[in-house]
Engineer: 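Sending over a structure as structure tokens; questions will come in a sec.
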Amino acid sequence: MAERILGKTLATVSLSVALASVTVQSSGCCSIPACRNTFSSCGFHLSSNIMSSSNGAKGNSHNKARTSPYPGSKVQRSQVPNEKVGWFVEWQDYNPVEYTAVSVLAGPRWADPQISESNFSPKFNEKDGHVERKSQNGLYEIENGRPRNPAGRTGLIGRGLLGRWGPNHAADPIITRWKRDRSGNKVSHPISGKNILQFVAIRRKDCGEWAIPGGMVDPGEKISATLKREFGEEALNSLQKSGVEKRELEEQLHKLFSQEHLVIYKGYVDDPRNTDNAWMETEAVNYHDETGEIMDNLTLEAGDDAGKVKWVDISDQLQLYASHSHFIKLVAEKRDAHWSEDSETECRGL
């Protein structure tokens with residue numbers, strides 16, 4: 001009971017901070033030139049909009065986490081209207097569908113047992129052995145032994161395709177360079193006048209959507225290691241390289257991932273795999289190759305979960321998996337790169 005009250009208290013505080021952040025940004029964005037270059041405030045804005053709606057606020061809520069059919073199945077979620085996403089909105093008739101994929105129930109090493117199993121006693125909201133069960137967004141509530149999605153209702157309970165009850169942590173490396181012409185000069189957009197930034201994108205095998213080449217954080221693994229490993233596996237096909245090729249690849253990756261970087265976003269992700277009891281969280285980090293020399297020595301080759309890989313020009317026309325378009329926009333803003341032909345778009349909220 002005490003844990004539940006504490007969770008509600010923290011959620012209320014988070015809502016107040018989130019609303020304050022949104023108010024400040026919306027009132028001063030277009031009048032303050034520093035808006036585009038204020039990385040920390042823009043990063044918080046994305047998280048605020050999602051999290052505030054879980055507390056009953058009238059704002060953006062997770063959308064992809066309410067779509068049907070559930071990925072890799074024919075399961076239809078119970079429909080959740082925008083005004084009833086938040087847990088603090090009373091809804092006695094809420095009747096979510098229960099679904100956990102067979103691949104998860106089979107008990108692979110990356111998945112938790114069922115909550116009902118007697119030998120399973122997870123320590124939610126803390127480090128549980130090598131498994132990180134703390135959320136980037138603070139404490140989450142536990143109801144009937146199950147963790148509750150901090151962003152609100154999804155129309156589905158269980159774990160779906162996700163292995164962990166509660167937060168499932170991922171890492172997304174955003175590798176960028178400037179687009180250049182044949183003479184090596186930066187290419188600027190003819191309308192915005194800003195230089196065009198490119199990033200390495202993969203096409204996911206599971207859904208066919210283009211995405212940042214990220215992946216799940218292994219138990220006990222540091223985020224920095226996950227970022228490098230996932231980029232190597234998905235964008236450079238490192239798993240299929242010979243011993244000599246792997247050593248050469250590791251040298252180049254070390255140069256790229258040991259330089260100064262930007263943490264673009266940390267927290268909840270609006271992902272179609274999310275459920276009421278399991279959800280995706282990520283840390284998106286930008287590694288920028290200013291001269292392009294490091295990436296010139298690395299040949300892109302799709303591997304692991306990636307069907308294709310290529311350099312993609314960054315703009316507001318991108319259609320990417322989950323919340324990845326938001327992350328890419330934040331990178332463009334921080335790097336003062338081209339994003340939209342409409343100058344007003346850069347001053348709107350995410």
Side-chain angles (χ1 to χ4, degrees), residues 1-11 51 54-55 62 64-78 80 84-170 216-221 267-282:
M1 183 66 180
E3 181 181 27
R4 187 179 179 87
I5 294 174
L6 176 60
K8 289 184 177 180
T9 302
L10 289 173
M51 300 309 296
S54 71
N55 301 315
H62 52 193
K64 294 186 178 182
R66 291 183 284 153
T67 55
S68 290
Y70 186 87
S73 75
K74 296 182 180 180
V75 176
Q76 298 288 321
R77 299 174 185 265
S78 296
V80 181
K84 292 187 176 180
V85 172
W87 292 111
F88 288 173
V89 177
E90 187 174 354
W91 188 8
Q92 294 182 352
D93 295 330
Y94 180 51
N95 186 29
V97 174
E98 176 143 13
Y99 173 68
T100 299
V102 174
S103 58
V104 176
L105 293 175
R109 63 179 181 81
W110 46 265
D112 289 333
Q114 286 289 79
I115 287 289
S116 58
E117 293 191 19
S118 58
N119 61 344
F120 181 53
S121 301
K123 298 177 181 178
F124 293 122
N125 284 306
E126 59 182 285
K127 189 71 174 288
D128 186 8
H130 291 299
V131 179
E132 182 59 83
R133 299 193 189 278
K134 289 187 292 186
S135 169
Q136 301 273 20
N137 294 99
L139 293 179
Y140 49 88
E141 289 194 56
I142 310 301
E143 188 173 74
N144 297 322
R146 296 186 178 195
R148 201 167 72 170
N149 189 321
R153 300 180 176 97
T154 68
L156 190 145
I157 57 176
R159 284 176 288 164
L161 288 168
L162 300 179
R164 304 295 179 192
W165 294 97
N168 288 253
H169 295 283
M216 306 305 295
V217 179
D218 289 339
E221 186 178 40
Y268 181 87
V269 179
D270 183 12
D271 191 290
R273 294 169 293 182
N274 292 352
T275 74
D276 286 6
N277 309 123
W279 59 90
M280 288 296 302
E281 296 190 9
T282 196

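Hydrogens, waters and symmetry mates play no part in the numbers below; they use all other heavy atoms, side chains included. In this text, all values refer to a predicted model and were calculated from it rather than measured experimentally. Along the sequence shown, the residues carry numbers beginning at 1.
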Engineer: Could you pull out the closest heavy-atom pair between F124 and R133, with the gap in Å?
Structural biologist: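 Heavy atoms only, the tightest pair is CD2-CD, 4.0 Å.
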Engineer: Are the side chain of D128 and the backbone N or O of K123 linked by a donor-acceptor pair below 3.5 Å?
Structural biologist: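 Here the side-chain-to-backbone pair exists.
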Engineer: Can you pull out every salt bridge (Lys or Arg N to Asp or Glu O under 4.0 Å) where at least one residue sits in residues 86-95? Sequence neighbours excluded, please.
Structural biologist: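 Qualifying pairs, neighbours excluded: none.
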Engineer: Who pairs with R273 by salt bridge (charged side-chain N to carboxylate O under 4.0 Å, His left out), at least two apart in sequence or on another chain?
Structural biologist: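 R273 satisfies salt bridge (charged side-chain N to carboxylate O under 4.0 Å, His left out) with D271 only.
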Engineer: Tell me if a side-chain donor or acceptor on N168 pairs with a main-chain N or O of N274 at a distance below 3.5 Å.
Structural biologist: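 Answer holds: no.
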Engineer: On a heavy-atom basis, which atom in S73 and which in Y99 lie closest, and how many Å separate them?
Structural biologist: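 It is CB-OH, 3.7 Å.
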Engineer: Side chains of W279 and P167: does their closest heavy-atom pair fall under 4.5 Å?
Structural biologist: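 With C-beta onward as the side chain, the pair touches.
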Engineer: With heavy-atom distances below 4.5 Å as the criterion, would you say the side chains of P219 and R164 are in contact?
Structural biologist: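 The answer is yes, as the side chains (C-beta and beyond) meet within the 4.5 Å cut-off.
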Engineer: What's the spacing between W87 CH2 and Y94 OH if we round to 0.5 Å?
Structural biologist: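 Output value for this atom pair is 5.0 Å.
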Engineer: Of all heavy-atom pairs between V89 and R153, which one has the smallest distance, and what is that distance?
Structural biologist: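 Looking at all heavy atoms of both residues, the shortest contact is O-NH2, 3.0 Å.
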Engineer: Enter the distance from K127:NZ to E132:CD here, rounded to the nearest 0.5 Å.
Structural biologist: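 So the NZ of K127 and the CD of E132 are separated by 5.5 Å.
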Engineer: Using only atom types and a distance under 3.5 Å, with no angle test, would you say the side chain of D276 pairs donor to acceptor with the backbone of R148?
Structural biologist: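 No; zero donor-acceptor contacts below 3.5 Å.
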Engineer: How far apart are the closest heavy atoms of P96 and S78, and which atoms are they?
Structural biologist: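 For P96 and S78, the tightest heavy-atom pair comes out as CA-OG, 3.5 Å.
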Engineer: Kindly give the heavy-atom pair with the smallest separation between I115 and P122, and that separation in Å.
Structural biologist: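 Heavy atoms only, the tightest pair is CD1-CG, 4.4 Å.
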Engineer: Looking at V85, T67, V80, which hits side-chain contact (heavy atoms from CB on, under 4.5 Å) with H62?
Structural biologist: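 Result: among V85, T67, V80, V85 is the only option passing the side-chain contact (heavy atoms from CB on, under 4.5 Å) with H62.
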Engineer: Measuring from W165:CH2 to F120:CZ, what's the distance to the nearest 0.5 Å?
Structural biologist: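 One finds 8.0 Å between CH2 of W165 and CZ of F120.
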Engineer: State the CZ-CZ distance between R146 and R159, to the nearest 0.5 angstrom.
Structural biologist: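 R146 atom CZ to R159 atom CZ measures 9.0 Å (nearest 0.5 Å).
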Engineer: Keeping the roles fixed (side chain from N149, backbone from T275), state whether a donor-acceptor pair exists under 3.5 Å.
Structural biologist: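 Side chain of N149 to backbone of T275: a pair is present.
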Engineer: Does a side-chain heavy-atom distance below 4.5 Å link S103 with L161?
Structural biologist: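 In short, these two side chains touch, coming nearer than 4.5 Å.
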Engineer: To the nearest 0.5 Å, what is the distance between CD1 (I142) and CG (N125)?
Structural biologist: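 Output value for this atom pair is 5.5 Å.
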Engineer: For the side chain of H169 and the backbone of V131, is there at least one donor-acceptor N/O pair under 3.5 Å apart?
Structural biologist: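 No; judged by distance alone, with no hydrogens or angles, the pair does not exist.
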Engineer: Verify, without hydrogens or angle tests, whether N277 (side chain) and I157 (backbone) share a donor-acceptor contact under 3.5 angstrom.
Structural biologist: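 Looks like no, no N/O pair under 3.5 Å.
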Engineer: Supply the atom-to-atom distance S68 OG to Q76 CD, rounded to the nearest 0.5 angstrom.
Structural biologist: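 These two atoms lie 4.5 Å from each other.
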Engineer: Search all heavy atoms of G267 against all heavy atoms of Q136 and return the closest pair with its distance.
Structural biologist: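 Closest pair (atom of G267, atom of Q136, distance): CA-CB, 3.5 Å.
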Engineer: Can you tell me if K134 has over 12 outside heavy atoms packed within less than 6.0 Å of its NZ?
Structural biologist: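 Atom NZ in K134 is not packed in, count stays at 12 or less.
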